[in-house]
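What follows is one structure encoded as structure tokens, with my remarks underneath.
These numbers come from the heavy atoms of this one structure, side chains and all, not from hydrogens, waters or symmetry mates. Labels below follow one simple rule: chain letters A, B, ... track the order of the sequence lines, proteins then strands, and each chain is numbered from 1.
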There are 2 protein chains.
Amino acid sequence: MAANSQFAIAIHVLTILAKGGDERVKSDYIAGSVNTNPVVIRRLLSNLQDARIVVSQVGASGGSSLAKQPKDIHLSEVYKALPCGEVFALHAKEANQDCPVGKNMAAFLCGLQKEIDKSIEEKLHQYTLRDVLEKIEEA
Amino acid sequence: MAANSQFAIAIHVLTILAKGGDERVKSDYIAGSVNTNPVVIRRLLSNLQDARIVVSQVGASGGSSLAKQPKDIHLSEVYKALPCGEVFALHAKEANQDCPVGKNMAAFLCGLQKEIDKSIEEKLHQYTLRDVLEKIEEA
DNA sequence: CTAAACTGTATCAAAAGAGGTTACAAAATA
DNA sequence: TATTTTGTAACCTCTTTTGATACAGTTTAG
């Protein structure tokens, strides 16, 4: 496939914006640090804007910056802002509905999926962008 | 397909084996309930055998059955037995090592990845195959 | 007012993973 | 010995993600 790395890139992007403070950072610059194409960054920033985590300005001397303080950006927000996949997928084809197990499997798995997702969000809620920044800087 | 559904299928397969008790269940039968090809099931069973969760017998009147009691099979074992992907992937290309953020990003993200994975395993450890069986049967 | 600098997005190509299929060897049973 | 069943390799196709190009729309600077 091409495993989904949007969350990882988002953390990278946000860390750069956090370091930039109030200054607008250009997608070109960010792409240079992440080592990818500026469009990939802009696409991602678009999602982060929808979630009100960053603000971007179009036009000359435009760019992006954080919409709030790093200490107020929980990683769970970032996770929820992006189309990250589930930990495991359900089987694409519907199970055999004539089988007592197959019939009830999807509902069970779907519930389990949600529970796991909640665990992940809780874990990510323990960290803010400030924590990330500190770890990156002390390294 | 993109998303990995091996874990979901594994739970389905194991539930069927659990219902089958000591009897050997054929991959053909399981495939019928999951609604896929028998080879897909056998590939999965191969992983579950390596993890000593199931035992299979080759040859006429062969098939698979659980290697231990449903109450002793934690879903975390199943998760660990399979090549499930991480919640998020790291970026395929290495970040710009000249950038102070890029330079330290991978290490941080890798640590976060492991932490999340641990959360998932802890969550899944709360359930055994017996719990699954009960929920499936009461539905 | 115009040129330049950016973002926002559409569209396309390329890469990689997953699942599905067929085929067949090896093993166990009847 | 013929049959049944697993184990696995090989190959195809579908889907998703990333990367890349192109260009419209918006700001700012001069």
Side-chain angles (χ1 to χ4, degrees), chain A residues 1-10 12-13 17 20 23-51 54-65 67 82-95, chain B residues 1-10 12-13 17 20 23-32 34-51 54-65 67 82-96:
Chain A
M1 156 171 72
N4 190 325
S5 57
Q6 288 198 65
F7 178 79
I9 297 181
H12 191 151
V13 170
L17 295 188
E23 280 182 35
R24 292 183 193 129
V25 185
K26 290 168 215 160
S27 63
D28 251 20
Y29 174 80
I30 301 173
S33 174
V34 174
N35 191 16
T36 186
N37 191 291
V39 173
V40 172
I41 301 299
R42 294 205 288 268
R43 276 202 283 243
L44 189 55
L45 284 168
S46 185
N47 283 323
L48 296 175
Q49 277 180 83
D50 292 345
V54 308
V55 283
S56 297
Q57 174 129 13
V58 104
S61 83
S64 303
S65 55
L82 302 172
C84 298
E86 303 286 341
V87 174
F88 62 87
L90 302 187
H91 189 216
K93 293 192 204 156
E94 188 183 46
Chain B
M1 306 283 154
N4 188 324
S5 58
Q6 287 199 63
F7 179 79
I9 298 181
H12 191 151
V13 169
L17 294 188
E23 280 181 36
R24 292 184 192 126
V25 186
K26 289 169 215 159
S27 64
D28 249 20
Y29 175 81
I30 301 173
V34 174
N35 192 15
T36 185
N37 191 291
V39 173
V40 172
I41 300 299
R42 293 205 288 268
R43 275 202 281 243
L44 187 56
L45 284 168
S46 185
N47 282 324
L48 296 176
Q49 277 180 80
D50 292 344
V54 307
V55 283
S56 297
Q57 174 130 15
V58 103
S61 84
S64 303
S65 54
L82 301 172
C84 299
E86 303 286 342
V87 173
F88 62 86
L90 303 186
H91 189 218
K93 292 191 203 154
E94 187 181 47
N96 184 343

* So how far is it from Ile9(B) CD1 to Ile41(B) CD1, rounded to the nearest 0.5 Å? -> 6.0 Å

* **Any donor-acceptor pair under 3.5 Å from Asn47(A) side chain to Pro83(A) backbone** => no

* Asked: Asn4(B) side chain to Cys84(B) main-chain N or O, any donor-acceptor pair under 3.5 Å?
  -> no

* Any Ser5(B) side-chain N or O less than 4.0 Å from OP1/OP2 of dG19(C) -> yes

* CG of Leu44(B) versus P of dA18(C): gap in Å, rounded? -> 13 Å

* Pairwise distance OG(Ser56(B)) to NZ(Lys26(B)) - rounded to 0.5 angstrom -> 13.5 Å

* What is the distance from CD1 of Ile41(A) to C1' of dT17(D), rounded to the nearest Å? -> 14 Å

* Structure fact -> Readout for nucleotides 20-30 of chain D: B = base within 4.0 Å of protein heavy atom, S = sugar-phosphate only, - = neither; 5' to 3' it is BBB--BBBB--

* Find the distance Leu82(A):CG to dT18(D):C1' and express it as a whole number of Å. => 15 Å

* Given DNA chain D, 5'-ward residue of the pair His91(B) and Gly62(B), judged by closest heavy atom -> Gly62(B)

* Could you state the atom-to-atom distance from CG of Asn47(A) to P of dT18(D) in whole Å? => 11 Å

* Structure fact -> From CG of Leu17(A) across to C1' of dT7(C) the rounded distance in Å is 14 Å

* By side chain to side chain contact (heavy atoms under 4.5 Å, CB included), which residues pair with Asn96(B), not counting sequence neighbours? -> Asp98(B), Cys99(B)

* To do: Grab the CD-C1' distance between Glu86(A) and dT16(D) for me, whole Å please.
  => 16 Å

* Asked: In whole angstroms, how far is the C1' atom of dT3(D) from the CG atom of Asp28(B)?
  -> 14 Å

